[in-house]
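Reading through the structure tokens given below for one structure.
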Amino acid sequence: MHPLLRVNGLRRSFDGVFAVREVDLEVPRGELRAVIGPNGAGKSTLFNLIGGQLRPDGGEVVYDGDRIDRWPSHRRARAGIGVVFQGARVFRGMTVLENVMVGAHGVTRSGFLGAVTRAPRHRREEREILGTARECLARTGLSAWADRAVDALPLGQQRGVQLARALCGRPRLLLLDEPASGLRAAERAELAALVENLRTDGLTVLLVEHDVAFVSRLADRVTVLDLGQVIAEGTPTQVRADERVIAAYLGAEVSA
Amino acid sequence: MRTTALVLAAAAAALALPVVLDGRQLGIYVLAGLAAMVTVGLALLMGFAGQISLGQASFYAIGAYTAGLLTVNGVPPLLGLAAAPVLAAGFAAVVGIGLLRLRGHYLAFATLAMQLILLSVLAQSEWAGGAIGLQGIPRLSVGGIELDEDVHYAYLVLAGLTGTLLVARNLVASRVGRGLRALATSEVAAGASGVPVGRYRLGVFALSAAFAGLAGGIYAFYLGYLGPGSFPVLLSVEYVVMAVVGGLGTVSGGVVGAVAIVLLVQVLNDIGTRPGMPSYAPSVLSYAVYGLLLVIAVLYLPRGLVPALSRRDRS
């Protein structure tokens with residue numbers, strides 16, 4: 001069976017400077033893959049190329065057998081790619097529950113006409129969306145905040161809202177961009193447990209991360225980027241022992 | 001509970017007013033209702049989808065001309081009225097494909113330019129009556145009954161406004177409405193959540209145009225004549241002021257803003273046309289007051305009258 005995600009010779013530059021060059025990557029179904037690298041390694045660019053926030057200059061992104069690198073992001077979401085951004089990309093002015101309900105967009109279809117006429121099918125779908133959203137909030141431990149304005153939540157919880165929102169679209173591939181950054185130790189542990197849990201349920205996860213310790217405990221395999229290129233790939237233990245990785249990035253952190 | 005009571009009271013007042021108002025006041029009632037229909041659409045566009053239109057009067061004009069031209073050429077008036085929002089929405093959808101690639105100020109200026117172009121095309125088109133405009137538009141008749149009194153039009157406008165408000169309310173509380181509010185704060189996150197950002201922006205632009213088009217259609221039958229001069233750029237500015245003053249991001253804000261501004265303009269007109277006032281007084285006064293109102297609203301009531309008032313009675 002083909003891998004869920006395959007990236008081939010992917011390239012993207014900004015003002016003539018390569019951010020990602022000739023990156024190859026294969027993520028089999030059910031795997032938790034981490035992509036690590038020092039600042040400026042091209043991690044976020046790669047993330048955005050897969051999620052659909054950026055278009056590549058060359059190369060391809062194949063998801064579940066479809067070439068998706070020219071698809072707009074909403075079409076990728078519909079196909080089952082859920083995204084959690086690093087920044088607080090929540091919908092201000094809406095409640096936590098409403099934020100999560102937006103995530104169901106990819107798996108529902110009623111449009112302007114159904115909404116305006118309140119057709120029975122539309123009302124049924126609204127109830128389903130509400131049910132799914134509440135489940136996702138429960139799963140991320142945010143039920144108590146459901147009716148609060150999302151703006152009032154601290155950063156850690158806002159990231160939880162993003163995760164619940166992504167889950168509400170019933171993804172098959174979950175993209176996480178530095179989900180642990182800015183979190184306190186207890187929040188990190190909770191997040192790690194939750195991601196572990198999602199993987200057990202069969203979700204494929206691509207985790208872009210700076211924090212090596214966080215990744216080592218979680219990931220099945222690790223891909224290391226440096227200067228826009230893959231310099232190593234393997235299990236967390238293999239990667240930690242790789243000399244090029246140590247030279248490029250880990251250095252003292254690992255030997256210590 | 002309190003909101004329901006307020007809405008019921010407003011509805012009762014709106015139903016009762018046409019009976020007690022005199023002729024001139026009825027005219028104001030009709031104009032306020034039409035402005036409210038346009039503003040509800042604009043508040044949806046600006047408040048929920050985060051897009052600015054400085055050319056909303058174009059869609060009002062297109063609705064009016066559609067209804068006027070069709071009936072002058074023998075199409076049954078009711079059909080002409082039904083065509084008005086459809087054509088306005090269709091026009092918005094077509095120009096929107098290009099315009100909506102723009103954001104913020106650029107979009108505002110592009111919609112303003114759209115209106116200027118439309119006005120000059122109308123003024124030079126013989127089929128549209130040129131600069132003189134269309135005259136002799138028959139009155140609207142429904143099932144053989146001709147609507148020939150102002151009070152009829154007052155109720156027609158009320159019905160149109162009610163429909164507009166229901167559509168807006170249902171939309172806001174739906175999947176699509178949530179998608180619109182989401183894309184207004186973050187297009188990137190909305191897209192990643194599966195919201196087809198481009199299609200939704202176009203959809204809400206067309207819907208706001210449909211509201212304006214319907215109001216324009218009613219206006220054509222109410223007045224019986226139309227000219228390019230009936231749809232100045234100032235009218236578009238007026239709608240923006242109404243939407244901002246009433247409160248973006250609320251459905252009822254459009255109505256509150258429109259009624260407040262129409263009443264204020266009447267007062268200003270009274271002052272501006274007093275004996276001894278220079279002839280340019282009314283227009284100078286209205287421009288100055290629109291500017292002043294916008295500044296005051298943005299400084300002190302950045303979310304508009306409706307949210308400000310409802311917050312006060314909660315605390």
Side-chain angles (χ1 to χ4, degrees), chain A residues 48 51-54 72-85 87-95 97-119 122-123 125-126 128-130 133 150-151 161-162 165-166 168-171 175, chain B residues 40-41 44 46-50 85 89 92-93 163-211 247-251 302-303 307 311:
Chain A
N48 288 324
Q53 288 71 46
L54 288 174
S73 58
H74 68 85
R75 192 168 166 201
R76 301 187 201 203
R78 195 169 266 279
I81 300 182
V83 177
V84 176
F85 296 102
R89 294 216 192 240
V90 291
F91 305 124
R92 283 171 283 112
M94 295 169 74
T95 66
L97 182 64
E98 285 173 325
N99 262 270
V100 176
M101 287 171 83
V102 172
H105 242 83
V107 289
T108 47
R109 21 193 81 255
S110 73
F112 279 81
L113 213 62
V116 165
T117 55
R118 297 232 160 149
H122 170 259
R123 300 166 76 126
E125 202 174 75
E126 279 292 300
E128 277 169 28
I129 294 174
L130 192 64
V150 75
D151 320 40
V161 172
Q162 280 202 65
R165 181 177 76 199
C168 201
R170 294 194 205 101
L175 304 177
Chain B
V40 167
L44 207 60
M46 291 175 71
F48 291 103
T164 307
L165 284 169
L166 283 177
V167 166
R169 189 203 64 172
N170 287 356
L171 185 71
V172 166
S174 73
R175 164 181 184 265
V176 174
R178 282 188 300 272
L180 287 170
R181 288 154 71 198
L183 72 87
T185 53
S186 171
E187 287 192 11
V188 171
S193 305
V195 178
V197 172
R199 207 182 320 145
Y200 274 22
R201 276 161 56 94
L202 197 61
V204 71
F205 191 56
L207 186 69
S208 78
F211 289 175
L248 300 170
T250 62
V251 171
R303 298 175 58 202
R311 210 169 324 144

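All values derive from a computational prediction rather than experimental measurement. The sequence lines fix the lettering, A, B, ..., with proteins before strands; numbering per chain opens at 1.
- Minimum interatomic distance between A:Ser110 and B:Val176 (heavy atoms only, all atoms of both residues): O-CG2, 3.7 Å.
- Judged by distance alone, the side chains of A:His105 and B:Tyr200 do bring a donor and an acceptor atom under 3.5 Å apart.
- Your options are A:His122, A:Arg75, A:Gln162, A:Met94, and the one with the most heavy-atom pairs under 4.5 Å with chain B is A:Met94.
- Contacts of A:Val90 with chain B are made by backbone atoms alone, with heavy-atom separations under 4.5 Å and no side-chain atom involved.
- Atoms OG and CE, from B:Ser174 and A:Met101 in turn, are 10.0 Å apart once rounded to the nearest 0.5 Å.
- Contacts between B:Ala173 and chain A at a heavy-atom distance below 4.5 Å involve backbone atoms as well as side-chain atoms.
- Between A:Phe91 and B:Ser193, some side-chain heavy-atom pair lies under the 4.5 Å cut-off.
- The number of heavy-atom neighbours closer than 6.0 Å to CZ of A:Arg170, taken from other residues, nucleotides and ligands shown, is 12 or below.
- Across every non-hydrogen atom of A:Ala115 and B:Asn170, the tightest pair is O-CB, 3.3 Å.
- Of the listed residues (A:Arg123, A:Arg118, A:Gln53), the one with the most heavy-atom contacts under 4.5 Å to chain B is A:Arg118.
- For chain B, the nearby parts of A:Phe112 are the backbone and the side chain; heavy atoms of each come within less than 4.5 Å.
- A donor and an acceptor atom, one from each side chain of A:Arg92 and B:Thr185, are nowhere located under 3.5 Å apart.
- Contact count against chain B (heavy-atom pairs under 4.5 Å) is highest for A:Thr108 among A:Thr108, A:Val107, A:Ile129.
- For the atom pair CD of B:Glu187 and CZ of A:Arg89, the computed distance is 11.0 Å after rounding to the nearest 0.5 Å.
- The contact between A:Glu126 and chain B is made entirely by side chain atoms (from C-beta outward), counting heavy-atom distances below 4.5 Å.
- Salt-bridge check for B:Arg175 with A:Glu128: failed, with every basic side-chain N at 4.0 Å or more from each acidic carboxylate O.
- When all heavy atoms are compared, the tightest approach of B:Ala192 to A:Ala77 is O-CB, 3.4 Å.
- Between the CD atom of A:Glu98 and the CZ atom of B:Arg181 there is a distance of 4.0 Å, given to the nearest 0.5 Å.
- Both the backbone and the side chain of B:Ala190 come within less than 4.5 Å of a heavy atom of chain A.
- Of the listed residues (A:Val102, A:Asn48, A:Leu175), the greatest number of heavy-atom pairs within a distance under 4.5 Å of chain B belongs to A:Val102.
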